[in-house]
Amino acid sequence: MTRHRAWRHLWFCVALLISGMTIAATPEYRLEIRDHLFFPTRLTIPRDTKVKLVVINHDATPEEFESYELNREKVIMGKGTAILFIGPLPPGEYPFFGEYHPKTALGTVVVE
Amino acid sequence: MLSALIIILREVLEAGLIISALLAAAHINAVKGIGVVAGILLGLAGATGIAAAMEAISNLAGGIGQELLSVLLDSIIIVLLACHSAGSATARWRHLMGWSAAGAVACAVAREFSEIALYASGFSVSFSVFMPVLIGGVIGTGIGVSIAALLYYLLIYQPPQRALRVTSILLALLAAGMAAEAIGFLEQADLTPAQRPYWNTSRWVAENSPYGQLLHALIGYEATPTPLQIGAYVAVFGLVIGLGALRRPERSTA
């Protein structure tokens, strides 16, 4: 293979990689914690899609995002932000809660 | 207070069951259990360190530090339980049991107690806020320790061959549960391919029922595991049990 053709192959691969990354960009959704409550309480995401959740904790104390149905648990430090990935999921309702304040911090991920 | 009780009960139970199973294995194999006590103390020290550094840990590697730490601790426990299993099989490797048990206990206690420490830190604002958490925590710890102690006695008060077999299987299931949990954290951090759950058994045993919680602590029960989790579970169970089955002739007359 001549060097010219090798460069062409390389650029082709790079172009493919970049286009692949933009096509496969993960949708992001925000969840906020304020006064030990989640906002929004119902978050709707598409089915069979991997999704990035960005959880922002406005309280001074830590909270733990937890869900048995989603199989996820993560601590969000006071005045901190945490990211986690959920999905792909079949349609349905997936409750989550704040483990440190389970009576008030409640919400549902609705997959449609 | 009830919420605190339940949260702390769960964490204490998860560490307590591993401690009980390893103490029982030490008893059954006529090995000293003092390593486990050292492991508990080391784990408590590690846990306070983890809780204190949690903010820094959380921000590591683009925000997936917590998951990486959990996967690291789970992996160390799996490797140590595998060494422990090999140690129980042959007299030549018996010395592995002591320090592998100590290490596994240290990691398990570090994991669970750091969660408790972090939880409690959010309520240390004032005494009136902290009191119910403290009371709930003490009661929860008491219940958790009682259940773990019950398991210990259930394991050791059996005919020797059956006690050995049941304890070995339980430790292999604990290791397998760790593996499935570690995969779950990798999925959460987007470090493994994202997969749909393979089945959903929550109609039979719901994960947030008391029975489901106990099964989760004991055998790593998940109602909606992904194929990778199932594969890791089976592989680690097979590995740990297989290592324990490499028995030399002198063991069969025990």
Side-chain angles (χ1 to χ4, degrees), chain A residues 24-28 33 35-36 45 47-57 59-106 109 111, chain B residues 2-4 6-7 10-11 50-51 54-59 62-67 69-70 114-125 129 133 180-181 183-197 200 202 206-209 212-213 216 221-226 229:
Chain A
T26 313
E28 263 184 45
I33 300 168
D35 296 324
H36 313 313
I45 68 171
R47 60 183 294 173
D48 296 327
T49 312
K50 181 179 72 176
V51 142
K52 182 182 192 180
L53 276 187
V54 180
V55 188
I56 303 164
N57 187 359
D59 293 340
T61 56
E63 183 60 86
E64 184 166 5
F65 173 94
E66 185 155 352
S67 167
Y68 296 109
E69 287 79 0
L70 293 167
N71 274 335
R72 295 289 183 264
E73 60 175 298
K74 186 143 187 181
V75 174
I76 308 107
M77 298 306 291
K79 304 289 185 200
T81 304
I83 57 157
L84 60 136
F85 291 82
I86 60 175
L89 291 162
E93 300 212 345
Y94 300 78
F96 59 84
F97 58 98
E99 197 187 5
Y100 297 176
H101 302 88
K103 293 207 190 81
T104 58
L106 296 162
V109 170
V111 180
Chain B
L2 191 62
S3 313
I6 293 170
I7 291 169
R10 273 174 40 188
E11 308 302 343
I50 292 172
M54 189 46 87
E55 185 151 2
I57 292 170
S58 302
N59 293 327
I64 56 170
Q66 281 181 44
E67 289 87 343
L69 179 65
S70 297
S114 62
E115 287 207 38
I116 294 175
L118 214 52
Y119 168 70
S121 73
F123 295 88
S124 56
V125 167
V129 166
V133 170
E181 189 186 81
I183 296 287
F185 280 119
L186 289 174
E187 285 168 355
Q188 181 172 294
D190 199 24
L191 289 171
T192 51
Q195 297 177 323
R196 273 177 68 134
N200 187 342
S202 36
E207 256 184 79
N208 55 3
S209 64
Q213 297 269 314
H216 176 77
Y221 171 73
E222 292 274 346
T224 54
T226 59
Q229 284 182 299

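Order of the sequence lines fixes the chain letters, A, B, ..., with proteins taken first and strands second; residue numbering starts at 1 for each chain.
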*Asks:* In Å and rounded to the nearest 0.5 Å, what is the OG to OH distance from B/Ser209 to A/Tyr68?
*Replies:*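 If we round to the nearest 0.5 Å, B/Ser209:OG and A/Tyr68:OH are 9.5 Å apart.
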
*Asks:* Below 4.5 Å, heavy-atom pairs only: which of A/Lys50, A/Lys103, A/Arg72, A/Lys52 has the largest tally toward chain B?
*Replies:*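 Highest number of pairs under 4.5 Å: A/Arg72.
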
*Asks:* Side chain of A/Asn71, backbone of B/Thr224: donor and acceptor closer than 3.5 Å?
*Replies:*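 Flag set: sc A/Asn71 to bb B/Thr224 pair under 3.5 Å.
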
*Asks:* Rounded to the nearest 0.5 Å, what's the gap from CG on B/Asn59 to OG1 on A/Thr81? Could you check?
*Replies:*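 Atom-to-atom, B/Asn59:CG and A/Thr81:OG1 are 8.5 Å apart.
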
*Asks:* Do A/Glu99 and B/Arg10 sit within salt-bridge range, that is, some charged N less than 4.0 Å from a carboxylate O?
*Replies:*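 Looking at A/Glu99 and B/Arg10, the cut-off is met.
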
*Asks:* Against chain A, label B/Ser124 side chain, backbone, both or neither, depending on which of its atoms sit under 4.5 Å from a heavy atom there.
*Replies:*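 For B/Ser124, there is no contact with chain A at all, as no heavy atom is under 4.5 Å.
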
*Asks:* Can you label the angle between the A/His101 ring and the B/Phe123 ring as parallel, tilted or perpendicular, going by 30° and 60°?
*Replies:*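 A/His101 and B/Phe123: tilted rings.
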
*Asks:* Below 4.5 Å from any heavy atom of chain A, which atoms of B/Glu222 appear? Answer side chain, backbone, both or neither.
*Replies:*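 The side chain, not the backbone.
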
*Asks:* Rounded at 0.5 Å granularity, tell me how far CG in A/Leu84 sits from CD1 in B/Ile64.
*Replies:*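 The CD1 atom of B/Ile64 is 12.0 Å from CG of A/Leu84, to the nearest 0.5 Å.
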
*Asks:* If I compare all heavy atoms of B/Ile7 with all of A/Tyr100, which pair ends up nearest, and what's the gap?
*Replies:*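 Closest pair (atom of B/Ile7, atom of A/Tyr100, distance): CD1-CA, 4.4 Å.
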
*Asks:* Please look at A/Asp59 and chain B and tell me whether the side chain, the backbone, both or neither of the residue comes under 4.5 angstrom of a heavy atom of that chain.
*Replies:*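 Contact with chain B involves no heavy atom of A/Asp59 at all.
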
*Asks:* Got A/Glu69 and B/Asn208 here, is their nearest side-chain heavy-atom distance under 4.5 Å?
*Replies:*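 A side-chain contact under 4.5 Å exists here.
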
*Asks:* Between B/Gly63 and A/Ile83, what is the shortest heavy-atom contact and its length?
*Replies:*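 Residues B/Gly63 and A/Ile83, closest heavy atoms: O-CG1, 4.3 Å.
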
*Asks:* Could you tell me if the side chain of A/Glu73 sits less than 4.5 Å from the side chain of B/Glu115, heavy atoms only?
*Replies:*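 Of all side-chain heavy-atom pairs linking A/Glu73 with B/Glu115, at least one is under 4.5 Å.
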
*Asks:* With a 4.5 Å heavy-atom cut-off, do A/Pro88 and B/Gln195 have their side chains touching?
*Replies:*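 No - every pair of side-chain heavy atoms lies 4.5 Å or more apart.
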
*Asks:* Name the option with the most non-hydrogen atom pairs under 4.5 Å to chain A; the candidates are B/Glu181, B/Met54, B/Glu67.
*Replies:*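 It is B/Glu67.
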
*Asks:* Any donor-acceptor pair under 3.5 Å linking the side chain of B/Gln66 with the backbone of A/Lys74?
*Replies:*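 Checked: no pair found.
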
*Asks:* Quick one: which of A/Ile86, A/Asp48, A/Ile76, A/Leu89 has the most heavy-atom pairs under 4.5 Å with chain B, could you say?
*Replies:*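 Looking at each of A/Ile86, A/Asp48, A/Ile76, A/Leu89 in turn, A/Asp48 comes out on top.
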
*Asks:* Measure B/Ala194 against the heavy atoms of chain A and call it side chain, backbone, both or neither at under 4.5 Å.
*Replies:*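 Interface part for B/Ala194: both.
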
